[in-house]
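Right, one structure below, let's go through it.
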Number of protein chains: 2
Amino acid sequence: MIRKAFKMKVYEDKIEEYTKRHNPIWPELKEVLKGHGVHNYNIFLDNNTCFLFGYAEIESEEQWNEIANTEICKKWWSYMANLMETNEDSSPVSTDLKHLFHME
Amino acid sequence: MIRKAFKMKVYEDKIEEYTKRHNPIWPELKEVLKGHGVHNYNIFLDNNTCFLFGYAEIESEEQWNEIANTEICKKWWSYMANLMETNEDSSPVSTDLKHLFHME
């Protein structure tokens, strides 16, 4: 199991909408995430900078990367694109963080 | 159980030392953390900005805050103070992040 963390950025005036769209997320998207080995997935907001921090426990990077190729993920990205900093394909601009420390 | 996240900042030229001092952390500090209901504690680094992202599962904020009053925590803070942005009492400057989303 890999403990993965990454940051993304939400627009300041879209925080409320971003939160609303995640609670709940689409059942089909949840199913795809679970089917690709994603567990204990959390997103946190830094109110001062509008950075989002994702933390997830994943079975493999390969499965994680596969999610991007699913129809439901592409649909989700399009739906969310007006709320966040995104790339040309509507995927969120995302930076992986380096795991430095773990305590059970 | 509360899923807690926060950010701190390490000095760029101290990243290696910061990592080294956490692997392993002092057994006495680990014991205090466990004794105060801290589980699955992880620290990640954003290489671009030197921000550290902490994620922990804690039993209560009260127990978490109590850690700051232990001798071993104060000793740890003094030991780490030359590596990080700190407050006057040597505690790391830390900003709590807001939990927006969770999936099991």
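Here is how names work: the chains are called A, B, and so on, in the same order as the sequence lines, proteins then strands, and each is numbered from 1. Computed over heavy atoms, backbone and side chain alike; hydrogens, waters and symmetry mates excluded.
Summarising the local packing, NZ of A:K4 is surrounded by more than 12 heavy atoms from other residues, nucleotides or ligands at distances under 6.0 Å.
Distance check: A:T49 OG1 to A:E12 CD gives 10.0 Å after rounding to the nearest 0.5 Å. The NZ atom of A:K34 sits 11.5 Å away from atom CD of A:E31, with the distance rounded to the nearest 0.5 Å. Here the OH-NZ distance, from A:Y41 to A:K30, works out to 13.5 Å after rounding to the nearest 0.5 Å. The CZ atom of A:F44 sits 11.0 Å away from atom CZ of A:F53, with the distance rounded to the nearest 0.5 Å. Rounding to the nearest 0.5 angstrom, the gap separating the CD1 atom in A:I43 from the CZ atom in B:R3 is 13.0 Å.
Among residues 54-93 of chain A, the residues having any heavy atom closer than 4.5 Å to a heavy atom of chain B are, in sequence order, A:G54, A:Y55, A:E57. Contact residues of residues 96-104 of chain B toward chain A are B:L97, B:K98, B:H99, B:L100, B:F101, B:H102, B:M103, B:E104 (heavy-atom distance under 4.5 Å).
Contact annotation for B:I15: neither backbone nor side-chain heavy atoms come within less than 4.5 Å of a heavy atom of chain A. In this structure, chain A has a heavy atom under 4.5 Å from the side chain of B:Y18, while its backbone stays farther away. For a residue to count as touching a neighbouring chain, one of its non-hydrogen atoms must lie under 4.5 Å from one of that chain's; by this rule B:K20 does not touch chain A.
A:E17 has a carboxylate O that lies under 4.0 Å from a charged side-chain N of A:R21, or vice versa, which qualifies the two as a salt bridge.
The most heavy-atom pairs under 4.5 Å with chain A, out of B:N47, B:T19, B:N48, B:D46, come from B:D46.
Between A:K7 and A:K9 the shortest side-chain heavy-atom distance does not fall below 4.5 Å.
In the hydrophobic clustering of ILVMFWY residues, with side-chain heavy atoms under 4.5 Å counting as a link, A:L45 and A:Y11 come out apart. A:L52 is not connected to B:M8 by any chain of hydrophobic side-chain contacts under 4.5 Å among Ile, Leu, Val, Met, Phe, Trp and Tyr, and they are in different clusters.
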